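Just below is one structure, and these are the notes that go with it.
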Amino acid sequence: MRSPQSLRNGETPPRILAPPFHSTVSEQKLRRFNTLILVFRLASFCFSLASAVFMVTNSHGSNSPNWHVFDAFRFVFAANAIVALYSLAEMGASVWEILKGTTVLPETVQVWFDFGHDQVFAYLLLSADAAGTALSRTLRGGDTCTATSSFCVQSDISIALGFAGFLFLGFSSLLSGFRLVCFIIRGSRFHL
């Protein structure tokens with residue numbers, strides 16, 4: 001212990017910083033908000049992974065066309081696989097935030113990272129599924145879908161699952177945008 005003499009010679013006593021105060025109701029609201037983001041990210045992961053799996057398994061023999069022959073279907077597969085990996089990583093970050101109460105990255109970086117990547121990957125997924133839809137409609141107009149309808153049905157299912165993944169990624173993008181606006185206005189990602 002330091003003597004009062006050392007405090008008189010210009011030294012200041014060490015300060016113990018207390019964590020910011022949050023009421024129990026605020027903590028419950030924050031946990032509920034973070035859980036909602038986690039649910040949207042989980043849904044985005046599930047739909048994007050299912051879409052990628054449906055597309056990669058879309059070959060039905062030697063007479064049937066393969067998905068990797070068509071550029072748009074390769075784009076659908078790649079975009080859904082990328083979004084599934086991104087959603088998995090963001091689910092891990094969401095679980096970390098729910099359990100620890102802090103972000104994986106510094107708060108400023110985390111809110112911009114979440115919002116920016118949600119936007120980029122949502123637009124990537126939307127453009128891939130739009131390209132897949134255009135190709136699918138073109139194939140329906142030709143002889144490909146009449147001869148092997150299972151190829152076209154499975155392609156349509158994969159594209160529809162990708163659109164569902166986009167929908168949930170869009171919802172999580174709205175919530176991460178809300179957190180970003182709260183951070184810009186209040187200096188904290190929490191709106192409470």
Side-chain angles (χ1 to χ4, degrees), residues 32-98 104 110-181:
R32 206 172 319 137
F33 186 77
N34 289 334
T35 304
L36 184 62
I37 290 175
L38 177 64
V39 167
F40 285 147
R41 294 197 188 282
L42 176 66
S44 176
F45 168 75
C46 291
F47 282 112
S48 295
L49 182 66
S51 175
V53 167
F54 264 85
M55 189 57 76
V56 82
T57 59
N58 194 6
S59 53
H60 300 283
S62 60
N63 298 351
S64 172
N66 286 327
W67 66 274
H68 55 80
V69 174
F70 302 103
D71 288 336
F73 288 161
R74 284 189 284 176
F75 186 31
V76 169
F77 167 71
N80 279 292
I82 289 169
V83 168
L85 289 174
Y86 167 72
S87 296
L88 183 65
E90 282 293 325
M91 282 188 322
S94 294
V95 168
W96 177 277
E97 188 171 347
I98 289 169
V104 175
Q110 187 74 45
V111 294
W112 284 102
F113 180 88
D114 289 347
F115 179 71
H117 285 85
D118 282 350
Q119 290 288 312
V120 167
F121 289 130
Y123 287 126
L124 174 73
L125 198 55
L126 181 63
S127 65
D129 290 330
T133 301
L135 178 61
S136 179
R137 289 187 60 165
T138 302
L139 292 176
R140 287 211 181 275
D143 294 336
T144 306
C145 285
T146 56
T148 58
S149 63
S150 63
F151 173 78
C152 292
V153 169
Q154 192 164 345
S155 298
D156 290 343
I157 290 171
S158 175
I159 292 167
L161 289 170
F163 276 120
F166 162 74
L167 180 70
F168 286 107
L169 189 59
F171 287 147
S172 65
S173 178
L174 286 173
L175 293 177
S176 64
F178 177 73
R179 286 172 57 167
L180 177 65
V181 169

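Residue numbers count from 1 along this sequence. What you are looking at is a predicted structure, and each value in this text was computed from that prediction instead of being measured.
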Q: Name the orientation class of the two ring planes belonging to His117 and Phe113 (parallel below 30°, tilted from 30 to 60°, perpendicular beyond 60°).
A: tilted
Show your working on side-chain contact (heavy atoms from CB on, under 4.5 Å) between Val104 and Glu97 and close with a plain yes or no. CA-CA 7 Å; Val104 175; Glu97 188 171 347; over 6 Å; no
Next on the checklist: Between Arg179 and Phe115, does the side-chain contact (heavy atoms from CB on, under 4.5 Å) criterion hold? Intermediate values first, please.
Outcome noted: CA-CA 9 Å; Arg179 286 172 57 167; Phe115 179 71; over 6 Å; no
To the nearest 0.5 Å, atom CG of Leu139 lies from atom OG of Ser155 at 7.5 Å
- Should Asp71 and Phe75 be marked as a side-chain contact (heavy atoms from CB on, under 4.5 Å) after you check the CA-CA gap, both sets of side-chain angles, and the distance that decides it? CA-CA 6 Å; Asp71 288 336; Phe75 186 31; over 6 Å; no
task = Flag yes if more than 12 heavy atoms outside Tyr123 fall under 6.0 Å of its OH atom; otherwise flag no.
result = no
**Asked** Would you say the side chains of Ser158 and Ser51 form a donor-acceptor pair under 3.5 Å?
**Response** yes
For Gly165 and Leu125, the nearest pair of non-hydrogen atoms, with its separation, is C-CD2, 3.8 Å
Under 4.5 Å between any side-chain heavy atoms of Arg74 and Val69, yes or no? no
The reported gap from CG in Leu124 to CD1 in Ile82 (rounded to nearest 0.5 angstrom) is 6.0 Å
Interatomic distance, CG@Leu169 vs OG@Ser48, rounded to 0.5 Å, equals 7.0 Å
One should read off an interatomic distance between Ser136 OG and Asp129 CG, to the nearest 0.5 angstrom, of 11.5 Å
Heavy atoms of Leu126 and Phe163 approach each other most closely as CD1-CE2, 3.8 Å
So CG of Leu38 and CG of Leu175: to nearest 0.5 Å the spacing works out to 11.5 Å
query: Got Phe166 and Val83 here, is their nearest side-chain heavy-atom distance under 4.5 Å?
result: no
ask   = Is there a side-chain contact (heavy atoms from CB on, under 4.5 Å) between Val76 and Asn80 once you walk through the steps?
value = CA-CA 6 Å; Val76 169; Asn80 279 292; 3.5 Å; yes
Residues Ala84 and Phe45: closest non-hydrogen pair is O-CD1, 3.1 Å
Looking only at heavy atoms, the pair that brings Phe40 and Ser172 closest together is CB-CB, 4.0 Å
Correct closest heavy-atom pair for Ala52 and Phe77 would be O-CD1, 3.5 Å
Open item on the list: For Tyr86 and Phe121, take the angle between the two ring planes, folded into 0 to 90°, and tell me which bin it lands in: parallel under 30, tilted 30 to 60, perpendicular over 60.
Closed with: tilted
### Message
Can you confirm whether Arg41 sits close enough to Leu88 that some side-chain heavy atom of one is under 4.5 Å from a side-chain heavy atom of the other?
### Response
no
The residue among Ser87, Ser44, Ser176, Ser173 that forms side chain to side chain donor-acceptor pair (under 3.5 Å) with Asp118 is Ser176
dist Ile37:CD1 -> Phe171:CZ (nearest 0.5 Å) comes out at 13.5 Å
